[in-house]
Amino acid sequence: MKRNVLVWVMLGFVLCGVLCLADMKYASASETATVVTGGNALNLRSAVGTSSSVLQTIPNGAQITVLDQAAGTDANGTWYKVSYNGVEGYVVSSYVALGSQPATAGPSVSPAPPAVTAGAEPTTPATAAPGTTPQPQKVTVYRTKTTYKKIKVAAKLKKQTTIRKNTSGKALLVKKKKVVLKKGKSVTIIAEKTVSGKKWFKIQFKSGGKTRKGYIKSTNVKLTVKKAAGGTVTGVKTALRVRKKPGNTAPYAEVNGRTMVLAKKQYVEILKARTVGKKVWYQISFPYYGNTYKGYVQAKYVKLVKRRIQKKVAVTVLSEKEFEEEMTRQGFPDSYKTKLRVLHATYPYWQFQAYKTGINWDDAVKGESKLGTNLITNAKSAAWKSMESGAYDAETGKWKVFDGSTWVAASKEAIMYYMDPRNFLTAQGIFQFELLEYQSQYQTKDGVEQILSNTPFSHAKFSYTDDVSGAEKEITYASAFCEAAKQSGVSPYHLASRSKQEVVTGSTSVSSAVTGTADSYPGIFNFYNIGATSGANPVMNGLKWASSGDTFLRPWNSRYRSIVGGAMYIGSNYINRGQNTGYLQKFNVTPDSTYNHQYMTNVEAANSEALKTRNAYSGMLDSVPLVFSIPVYENMPETNCAAPQ
């Protein structure tokens with residue numbers, strides 16, 4: 001009896017380089033904020049530093065106005081210049097939540113800090129002493145551990161083949177003789193590599209009584225029994241559609257009258273292989289809109305790679321000694337460790353990973369300092385804005401606007417400040433380093449609702465036509481973001497906060513990107529402003545992109561298709577390609593398109609979005625084992641890069 005053959009692969013294609021840059025709701029020069037001390041009053045001081053005099057105290061939950069988000073730094077971290085009841089002064093940023101937030105949304109300190117007295121600051125994660133929090137040795141919470149299942153695909157040779165040592169074509173030699181395998185020889189594919197447009201399989205086989213490894217061209221083998229593996233499609237310049245039968249003339253597979261288009265890096269299951277007109281086609285099984293379908297794609301669009309597997313594992317809290325050993329093992333420099341110790345003492349379940357960029361710090365700053373790459377509001381003081389040629393006109397004393405009406409080039413000092421991860425190893429800043437994969441056990445609908453509070457999407461519903469059944473359905477925005485997370489593998493908290501930043505203009509208003517009433521693109525929605533490239537009207541650019549093409553569920557002619565399809569785009573073009581934190585999406589220091597393919601031009605964006613994500617975890621920070629991937633550069637300065645003065 002013929003065995004059913006199974007191979008996991010991942011699909012992908014090259015899209016036009018659409019950058020999602022403009023029409024973003026960046027933090028303004030003066031911004032409403034909330035004091036969040038966990039119950040204590042906050043000292044408003046006459047200058048930066050705890051040695052300055054206290055002008056008055058501000059109660060927890062009070063609304064203040066932030067005048068400057070980088071007034072100075074000291075051992076407590078960054079200080080804000082604020083206004084409260086007509087009095088201007090300075091406060092530690094760790095106790096300030098930008099935006100109107102409930103008092104319970106502030107830093108969750110465990111154990112509770114001591115009462116505040118005049119002339120003293122509340123005990124915060126920035127100043128708490130290591131070891132003040134009880135260190136349980138066993139906990140009942142879980143975190144998701146990512147592992148990779150190796151490729152192991154059975155195949156047979158189509159013809160007698162010389163085995164190569166590598167993909168350069170050099171023959172594999174055993175006792176100075178070339179290794180040649182006969183037609184029909186069974187081999188196991190264990191890896192794949194594409195070089196100059198040609199696909200090579202790395203194989204494992206037995207020869208001379210020993211197990212050996214080598215390379216052969218993919219055209220020389222025929223897949224037989226296939227076991228679980230992962231894969232990705234490369235080199236496709238147009239959308240990858242699924243056909244009903246093998247062959248270029250076969251009709252495309254459809255659902256409710258719409259052609260099926262598979263997303264980049266989507267996992268599918270290979271059921272069998274067929275050759276039609278000298279071209280190999282795979283019959284695949286794949287998820288689409290929550291259901292499983294079958295169809296055919298050309299084998300040349302399939303690249304076998306390791307399949308990512310996520311498992312729940314019990315978390316054991318590290319002792320102080322173990323944590324020190326773990327920081328050293330991860331490769332964190334000493335300049336990172338002090339603040340990480342404080343975070344570990346306060347939130348012992350949190351996990352910290354060093355993301356070693358392999359990039360020299362000065363090179364990274366130079367790459368991100370390219371004119372127009374990082375912008376800042378013109379309302380900032382001169383030190384925050386670039387004075388270089390092309391950014392500033394010395395004769396007129398004005399800065400060149402690169403986006404909208406107020407966004408100008410950020411100074412090198414401002415870029416260095418926001419790029420330096422050590423400036424944001426605080427209870428709120430750390431969230432720009434949170435891994436953004438979907439974690440169903442922690443990321444809930446209630447958490448999404450917290451993010452959407454005080455917006456038109458809060459507990460609100462919308463109607464849409466289901467593409468599979470054709471039935472009219474109703475769903476809340478929070479549930480839609482959760483559905484999008486399931487289909488894209490992206491955190492629903494990240495999706496909701498990104499949409500909130502992109503299209504929410506007030507507690508009861510949204511931009512024309514999601515009203516469906518734009519004159520040029522009626523009935524089109526774009527919840528993440530994807531394709532909203534800089535220009536006279538970036539929102540219209542985004543709606544144009546959302547109305548065209550057939551990838552990622554486009555056209556986005558319903559709110560549901562936009563929320564879910566946009567999430568697929570974000571997952572495929574950012575999260576699944578290595579830009580899996582807010583920081584890496586703002587400052588792309590990954591090996592893929594380094595210093596380019598960045599989601600936002602606002603230099604403050606990653607830190608601004610971190611607060612929204614942190615607030616979503618309010619009330620559960622003490623028990624959720626979050627994972628943070630923190631960049632580490634080569635030859636970093638010994639101390640933090642200070643905010644411009």
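Small disclaimer: the values here were computed from a predicted structure and weren't measured.
- Residue pairs that meet the salt bridge (Lys or Arg N to Asp or Glu O under 4.0 Å) test with at least one member in residues 451-461, sequence neighbours left out, are Lys461-Glu474.
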Could you walk me through whether Leu435 and Thr581 satisfy the side chain to side chain contact (heavy atoms under 4.5 Å, CB included) test, starting with their C-alpha distance in whole Å, then the side-chain angles of each, then the deciding distance to 0.1 Å, before giving a yes or no? CA-CA 5 Å; Leu435 287 177; Thr581 67; 4.1 Å; yes
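- Smallest separation of non-hydrogen atoms from Thr292 and Ser285: CG2-OG, 3.2 Å.
- Nearest heavy atom pair, residue Lys445 against residue Ala478, reads CG-CB, 3.9 Å.
- To the nearest 0.5 Å, the span separating CD1 on Ile570 from OG on Ser499 amounts to 8.5 Å.
- In this structure, Pro456 and Val504 approach most closely via the heavy-atom pair CD-CG1, 4.2 Å.
- A donor-acceptor pair is defined here as one N or O able to donate and one able to accept, closer than 3.5 Å; no such pair exists between the side chain of Gln585 and the backbone of Gly582.
- A 4.5 Å side-chain heavy-atom check between Asn557 and Ile524 finds at least one atom pair inside the cut-off.
- A donor-acceptor pair is defined here as one N or O able to donate and one able to accept, closer than 3.5 Å; such a pair exists between the side chain of Thr594 and the backbone of Thr590.
- At least one donor-acceptor pair closer than 3.5 Å links the side chain of Arg243 to the backbone N or O of Ala250.
- With rounding to the nearest 0.5 Å, the separation of CD in Gln450 from OG in Ser458 is 10.5 Å.
- With sequence neighbours excluded, no residue satisfies salt bridge (charged side-chain N to carboxylate O under 4.0 Å, His left out) with Lys370.
- Contacts of Lys245 classified as salt bridge (charged side-chain N to carboxylate O under 4.0 Å, His left out), with partners at least two apart in sequence or in another chain: none.
- The shortest heavy-atom contact between Leu543 and Ala518 is CD1-CB, 3.6 Å.
- The OH atom of Tyr574 sits 14.5 Å away from atom OG of Ser488, with the distance rounded to the nearest 0.5 Å.
- For Tyr569 and Trp556, the ring centers sit 6.0 Å or farther from each other.
- Side-chain contact between Val242 and Tyr293 is absent, with no heavy-atom pair separated by less than 4.5 Å.
- Interatomic distance, Ser547 OG to Lys544 NZ, rounded to the nearest 0.5 Å: 8.0 Å.
- Side chains of Tyr418 and Glu604: a donor on one and an acceptor on the other come within 3.5 Å.
- Residue pairs meeting the ring-ring contact (aromatic ring centres under 6.0 Å, His included) criterion with at least one partner in residues 494-525, sequence neighbours excluded, are absent.
- With hydrogens and angles left out, the side-chain atoms of Lys586 and Asn602 include no donor and acceptor closer than 3.5 Å.
- The shortest heavy-atom contact between Thr373 and Glu368 is CG2-OE1, 3.6 Å.
- When each of Phe431, Tyr583, Phe433 is tested with Phe628 by the rule ring pair (Phe, Tyr, Trp, His ring centres under 6.0 Å), just one qualifies, namely Phe431.
- The main-chain N or O of Gly542 is found under 3.5 Å from a side-chain atom of Asn526 such that the two form a donor-acceptor pair.
- Between Met568 and Val564 there is a side-chain heavy-atom pair separated by less than 4.5 Å.
- Scanning for side-chain contact (heavy atoms from CB on, under 4.5 Å) contacts around Thr515 gives Val510, Ser512, Thr517, with sequence neighbours left out.
- Looking at Asn374 and Met419, their side chains never come closer than 4.5 Å, going by heavy atoms from C-beta outward.
- For Thr476, the side chain to side chain donor-acceptor pair (under 3.5 Å) partners are Ser479, not counting sequence neighbours.
- In this structure, Gln428 CD and Thr613 OG1 are separated by 11.5 Å, a value rounded to the nearest 0.5 Å.
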Begin from the C-alpha positions of Ser593 and Arg577 and carry the test side chain to side chain contact (heavy atoms under 4.5 Å, CB included) through to its verdict. CA-CA 10 Å; Ser593 303; Arg577 63 180 282 163; 3.2 Å; yes
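- Residues passing the side-chain contact (heavy atoms from CB on, under 4.5 Å) test with Ala496 are Val448, Ile451, Leu452, Phe481, sequence neighbours excluded.
- Side-chain contact between Asn573 and His597: present, with at least one pair of heavy atoms (C-beta onward) separated by less than 4.5 Å.
- Side-chain contact between Val503 and Phe457 is present, with heavy atoms from C-beta onward closer than 4.5 Å.
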Check the pair Val627, Gln439 against side chain to side chain contact (heavy atoms under 4.5 Å, CB included), reporting the backbone distance first and the verdict last. CA-CA 11 Å; Val627 181; Gln439 307 286 341; over 6 Å; no
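- Atoms CD and CG, on Gln443 and Leu626 in that order, are 8.5 Å from each other to the nearest 0.5 Å.
- Taking the side-chain contact (heavy atoms from CB on, under 4.5 Å) definition, one finds that Phe462 meets it with Tyr464, Ile475, Tyr477, Ala480, Arg559, Tyr560, Ile563, sequence neighbours left out.
- Side-chain contact between Asn588 and Tyr595 is absent, with no heavy atoms from C-beta onward closer than 4.5 Å.
- Classified by interplanar angle (parallel below 30°, tilted 30° to 60°, perpendicular above 60°), the ring pair Tyr347/Trp350 is parallel.
- In this structure, Ala485 and Ser491 approach most closely via the heavy-atom pair CB-C, 4.4 Å.
- Considering only residues two or more places apart in sequence or on other chains, Glu609 meets the side chain to side chain donor-acceptor pair (under 3.5 Å) condition with none of them.
- Under the rule for a ring-ring contact (aromatic ring centres under 6.0 Å, His included), Trp281 has no partner lying at least two apart in sequence or in another chain.
- You'll find the side chain of Pro538 stays beyond 4.5 Å of the side chain of Asn529, heavy atoms only.
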Steps toward side chain to side chain contact (heavy atoms under 4.5 Å, CB included) verdict (Phe352, Gln330): CA-CA 8 Å; Phe352 305 108; Gln330 287 284 342; over 6 Å; no
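- Applying the side-chain contact (heavy atoms from CB on, under 4.5 Å) test to Ser548 and every residue at least two apart in sequence or in another chain returns Arg554.
- Residues satisfying the salt bridge (charged side-chain N to carboxylate O under 4.0 Å, His left out) criterion with Glu472, sequence neighbours excluded, are absent altogether.
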